[in-house]
Amino acid sequence: MKARRFNATVDGGLTAEMIAAYREDGFLLLEGFVHPVTCDALRERMTALVEQFDPESVSTIFSTSAQSHARDDYFRLSGDKIRFFFETEAFDGEGRLVKNKHAALNKVGHALHDLDPVFSAFSHDKRLDRVARDLGIAEPLLAQSMYIFKPPHIGGEVNCHQDSTFLHTTPQSCTGFWFALEDADDANGGLYGVPGGHKGPLRSRFHYDENDDLIMETLDETPFEPEERHAALNAPKGTLIILHGAVPHKSAPNRSARSRHAYALHVVDGAAVWSSDNWLRRGPDMPMSGFECA
Ligand SMILES: O=C(O)CCC(=O)C(=O)O
């Protein structure tokens, strides 16, 4: 199944045709939204951050299953930090890294957009504000950022999900802004989405329960659409893919020799009510910012 695609406008604004496609499909592919030089600058910045990161500093967290509590905490407390997460296939049976750290990471999250000057400058962008408002988000707020590596050979699959499962508001408002920093296609673990799937129900919510444990609560038993309803969202470098929070999407494992770096921002509407039991927590000194205020 083929996905519709558009060329980004110069000022980032959305045409009536783009808005109609988004409303119908639940996603929107805008080719050429990010200049290739900017993609390279973000990749270089991440290379420098990974260079400064010492895997030994988290080796106890990732090395043994006995440390699963520490691993959970490392994730739970990452909402307002820059933390590094490895691919599961990056370790051998003894818990030792089998790859160079640059080729072993799954992602970095979840507050690059606040804490790193280069990612902050990229994320706080008038053009993105315009896009969000054109989509009807009254008060766009940046909830989280992720740099996703999908490294060669061991890049893990991302199972089919809806982003409002993880970042929930009432009414639902989560919207993903996913930037291809390299070509992403069906050979190196590109995205797939279900056209029109955002019109279906939200299947689950990932949130804290009354014991402060993270749980995946089923809201609706409707299964996700079968394989043949998933369109490949092939994205040349520089493409912005906007994902409605209810659209089922996934990405394949990367068994190819090419990496598939991407940067994703997830936005919620400040006019909606943030669910206080969401997994993502930020300190009182770090309120969410909009696209325009760095
Ligand atoms: O980059 C990927 O492989 C998955 C990204 C994704 O699912 C998301 O940003 O919501």
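Note that ligands are numbered from 1 as they come in the structure, with each ligand's atoms numbered from 1 the same way. Sequential numbering from 1 along the given sequence is applied to the chain's residues.
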Participant: Is the centre of the His124 ring less than 6.0 Å from the centre of the Phe291 ring?
Facilitator: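 Centroid separation for His124 and Phe291: 6.0 Å or greater.
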
Participant: Could you check whether any side-chain N or O of Glu217 sits under 3.5 Å from a backbone N or O of Arg205, counting only pairs where one atom can act as donor and the other as acceptor?
Facilitator: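 Judged by distance alone, no pair lies under 3.5 Å.
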
Participant: For atom 8 (C) of ligand 1, which protein heavy atom lies nearest, and how many Å away is it?
Facilitator: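 For this ligand atom, the closest protein heavy atom is His249 NE2, 3.7 Å.
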
Participant: How far is atom 3 (O) of ligand 1 from its nearest protein heavy atom, and which residue and atom is that?
Facilitator: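 Nearest neighbour among protein heavy atoms for atom 3 (O) of ligand 1, to 0.1 Å: Ser251 OG, 2.6 Å.
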
Participant: Note the single closest protein heavy atom to atom 9 (O) of ligand 1, along with its residue, its atom name and the distance in Å.
Facilitator: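 Result for atom 9 (O) of ligand 1: His266 CE1, 3.4 Å.
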
Participant: For ligand 1, which atoms, with element, lie under 4.0 Å from some heavy atom of Ile148?
Facilitator: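 Here the atoms of ligand 1 in question are 1 (O), 5 (C).
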
Participant: Will you find, in the side chains of Asp277 and Ser275, an N or O donor that is under 3.5 Å from an N or O acceptor?
Facilitator: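 No donor-acceptor contact under 3.5 Å links the two side chains.
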
Participant: Considering only non-hydrogen protein atoms, determine which one is nearest to atom 5 (C) of ligand 1 and report residue, atom name and distance to 0.1 Å.
Facilitator: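 Ranked first by proximity to atom 5 (C) of ligand 1 is Trp178 NE1, 3.7 Å.
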
Participant: Backbone, side chain, both or neither: what part of Lys250 comes under 4.0 angstrom of ligand 1, heavy atoms only?
Facilitator: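 The answer is neither; Lys250 stays 4.0 Å or more away.
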
Participant: Asp163 heavy atoms, cut-off 4.0 Å: which ligand 1 atoms fall inside?
Facilitator: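 Result: 10 (O).
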
Participant: Examine His249 together with Trp178 and report whether their ring centres are nearer than 6.0 Å.
Facilitator: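 No, too far apart.
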
Participant: Considering heavy atoms of the protein only, find what lies nearest to atom 1 (O) of ligand 1 and give residue, atom and distance to 0.1 Å.
Facilitator: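 Of the protein heavy atoms, Arg260 NH2, 2.7 Å lies nearest.
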
Participant: Considering only heavy atoms, does Ala262 approach ligand 1 within less than 4.0 Å through its side chain, its backbone, both, or neither?
Facilitator: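 None of Ala262 does.
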
Participant: Between His161 and Asp163, do the side chains contain an N or O donor and an N or O acceptor separated by less than 3.5 Å?
Facilitator: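 Yes, a side-chain donor-acceptor pair sits under 3.5 Å.
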
Participant: Centroid-to-centroid, Phe177 to Phe179, below 6.0 Å?
Facilitator: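 Centroid separation for Phe177 and Phe179: 6.0 Å or greater.
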
Participant: Heavy-atom pairs closer than 4.0 Å: do any link ligand 1 to the side chain of Leu243, the backbone, both, or neither?
Facilitator: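 Neither part.
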
Participant: How far is atom 4 (C) of ligand 1 from its nearest protein heavy atom, and which residue and atom name does that atom have?
Facilitator: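 Its nearest protein heavy-atom neighbour is Leu191 CD2, 3.7 Å.
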
Participant: Using side-chain heavy atoms (C-beta onward) and a distance below 4.5 Å, is Pro117 in contact with Arg45?
Facilitator: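 Touching, per the 4.5 Å side-chain cut-off.
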
Participant: Report yes or no: does Thr165 contribute a side-chain atom to a donor-acceptor pair with the main-chain N or O of Ser204 at less than 3.5 Å?
Facilitator: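 Yes; at least one donor-acceptor contact below 3.5 Å.
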
